[in-house]
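Only heavy atoms go into these numbers, but all of them, side chains included; no hydrogens, no water, no symmetry mates. Both counts, for ligands and for their atoms, begin at 1 and track the order of listing.
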Amino acid sequence: MEEFQVAIIGGGIVGACVFSELTRKGVDCVLLEAGNDVSNGSTKANSGIVHAGYDPIPNTLKARFNIRGNQLYPAMCARLKIDILQCGTLVVTDRENLSGLEELFNRGLENGVQGMRIIEREELHEMEPNLAETIEYGLFAPTGAVISPYLTCIALCEEGVVNGGKVYTNFRVDKIAKSGDIYEIFAQDKSVRAKFIVNCAGVGANEINALVGAPVAEMKYVKGEYLLLDKSQNGFVHRPIFPLPTKAGKGILALPTLHGNIMLGPTAIPCEANDTTVDAEGIRQIKEKVELSVKRPNYKKVIKLFAGVRVISGDDFIVEQMPDTHYYYTLGICSPGLTAAPAIAEYLVNLMLEDGLECKPHTFVARKPYVCTETMSKKALKELIKSNPAYGKIVCRCERITEGEIIDAINSPLNPTDVDAIKRRVRPTMGRCQGGFCLPKVIKIISEQCGIPVEKVCLNDKGSEILK
Ligand SMILES: Cc1cc2nc3c(=O)[nH]c(=O)nc-3n(C[C@H](O)[C@H](O)[C@H](O)COP(=O)(O)OP(=O)(O)OC[C@H]3O[C@@H](n4cnc5c(N)ncnc54)[C@H](O)[C@@H]3O)c2cc1C
């Protein structure tokens, strides 16, 4: 049976950050993920904003990890060779609610957010011509940014693998035993052993805690639904536009994605864990509320509806060590968890080092970024096609993704085998037609490259085969 120093349970952004932090220090570790790929929980369906940090209540873990995570992101993205849109964020309001904006500004100062300013109407509407007419003031926070949340998570896991770590997918932890100093972690017929465990299982974190007798917390689940607009709407807004936040959350926003789409949402609707359906009421709420901040978006350009689930436990994050053990856990990592994840990882790894975790001397290996033929110079593309004609065959017409890029994704460090996993890496089926044209071709390429029959190729997790 394989034995590791550390087993991380859960391949969302928090688990991925812990995995990357440990493998870069030469720690022998494994990441165990229940799904067919990493980044399949809350991490795949959120706004993708690296929050500046004016929102959390001062002196909470949310405030502390938000600010530190925001500071860590630019260097982390540079190291991973992935994009970050350093566009800042805007919270906007009408004349009556200026005091709410000032309160947010002061909270930001207290939390240590740099460079914020309150902007008045003329400059504001020049920055964002599609703001609603009633908007008079905006809080601009230049340290806010936009990333691709799932690609960040994938890149962190890939980096961990090329630096010696292991990722086991389809490993749903269902039992943990302890013999002496060592934990044995089971998933049905499989198991691994580890000296330390870090529970980053998001929606499943309570169940994992229960397996070792660690505290369980009261959990609430709140769904956030989105509308995604086609790239023809690029430029509708240039940065995330928030209304003034309320107790219920940060409100419905309009924002650009890293790839030039526009996103509207999220709603905040209490739900069951793992309920990612979108319904007519959610769509109605998005339309009604987003138009309080921006002019009417072009809803004819909606190409996708999707939802993510926030896992909330009280007012703050829970990031702790179970006393007198090598067991660490995270609970209730809701927003701003994506922003906070690198800082949560830094904190947990420091705790483990104080607790006797051993690091080996290690030479860092940089992760290889994906080829993107669309943004290459004509000359470089010509050379690439000469060396491998698969980069000259366009498979996804909307996003202009070639067969070569899809094959690269299949052969990448986590060896993904499902359509959504390939989509999250290099974007086929992500465009206007949502796979109407290219899905059969993507299935065929996966089947050929992975040596599996076409009727066994899944959309995502086991049981989601597409063809009969
Ligand atoms: C609508 C919405 C919008 C948001 N917007 C933002 C934002 O703009 N900025 C921001 O900073 N934050 C945002 N957040 C919060 C952010 O998405 C989450 O805080 C973050 O993704 C949580 O990451 P995680 O790794 O803790 O959990 P997850 O991403 O859910 O990962 C947990 C993983 O554990 C796995 N798992 C569960 N049980 C087991 C088991 N038994 N064995 C093995 N694996 C298991 C799951 O399959 C999953 O992959 C938003 C959240 C939502 C829902």
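- The shortest N or O to N or O distance between Tyr226 and ligand 1 is not below 3.5 Å.
- Residue Lys175 qualifies as open at atom NZ: its count of foreign heavy atoms under 6.0 Å is 12 or below.
- For CD of Glu281, the number of neighbouring non-hydrogen atoms (other residues, nucleotides, ligands) closer than 6.0 Å is greater than 12.
- The distance between the ring centers of Tyr54 and Phe105 does not fall below 6.0 angstrom.
- Considering backbone and side-chain atoms alike, Val309 places every N or O at 3.5 Å or more from each N or O of ligand 1.
- Both tests hold for Lys178 against Tyr183: distance to the six-membered ring centre under 6.0 Å, angle to the ring axis within 45°.
- Only the side chain of His51 comes within 4.0 Å of ligand 1, counting heavy atoms alone; its backbone N, CA, C and O stay farther away.
- Remark: Lys220 NZ is loosely packed, at most 12 non-hydrogen atoms of other residues, nucleotides or ligands lying under 6.0 Å away.
- Close N/O approach between Gly308 and ligand 1 is not found [any backbone or side-chain N/O within under 3.5 Å].
- Distances between N or O atoms of Gly35 and those of ligand 1 include no value under 3.5 Å.
- In Gln114, the CD atom is not crowded: 12 or fewer heavy atoms of neighbouring residues, nucleotides or ligands sit closer than 6.0 Å.
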- So Gln321 and Met352, side chain to side chain contact (heavy atoms under 4.5 Å, CB included) or not? Walk me through it. CA-CA 9 Å; Gln321 175 181 10; Met352 285 190 264; over 6 Å; no

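- Ligand 1 has no nitrogen or oxygen under 3.5 angstrom from a nitrogen or oxygen of Pro266.
- Where the criterion is an N or O separation shorter than 3.5 Å, residue side chain and backbone included, Ile49 meets it with respect to ligand 1.
- Judged by the 6.0 Å distance and 45° axis criteria, Lys287 is positioned over the aromatic ring of Tyr299.
- On a distance-only criterion, Gly202 and ligand 1 share no N/O pair closer than 3.5 Å.
- Taking atom 22 (C) of ligand 1 as the reference point, the nearest protein heavy-atom neighbour is Ile333 O, 3.5 Å.
- With a 4.0 Å heavy-atom cut-off, ligand 1 is reached by the backbone of Leu32 but not by any atom from C-beta on.
- Every N/O-N/O distance between Ala45 and ligand 1 stays at or above 3.5 Å.
- Contact annotation for Cys200 and ligand 1: only backbone heavy atoms (N, CA, C, O) come within less than 4.0 Å of the ligand.
- Counting protein heavy atoms only, atom 28 (P) of ligand 1 is closest to Ser42 N, 3.7 Å.
- Any N or O atom pair closer than 3.5 Å counts here, and Asn46 shares at least one such pair with ligand 1.
- Under 4.0 Å from ligand 1, not a single heavy atom of Ser39 appears.
- Applying the 6.0 Å contact sphere to CG of Asp275 captures more than 12 heavy atoms from other residues, nucleotides or ligands.
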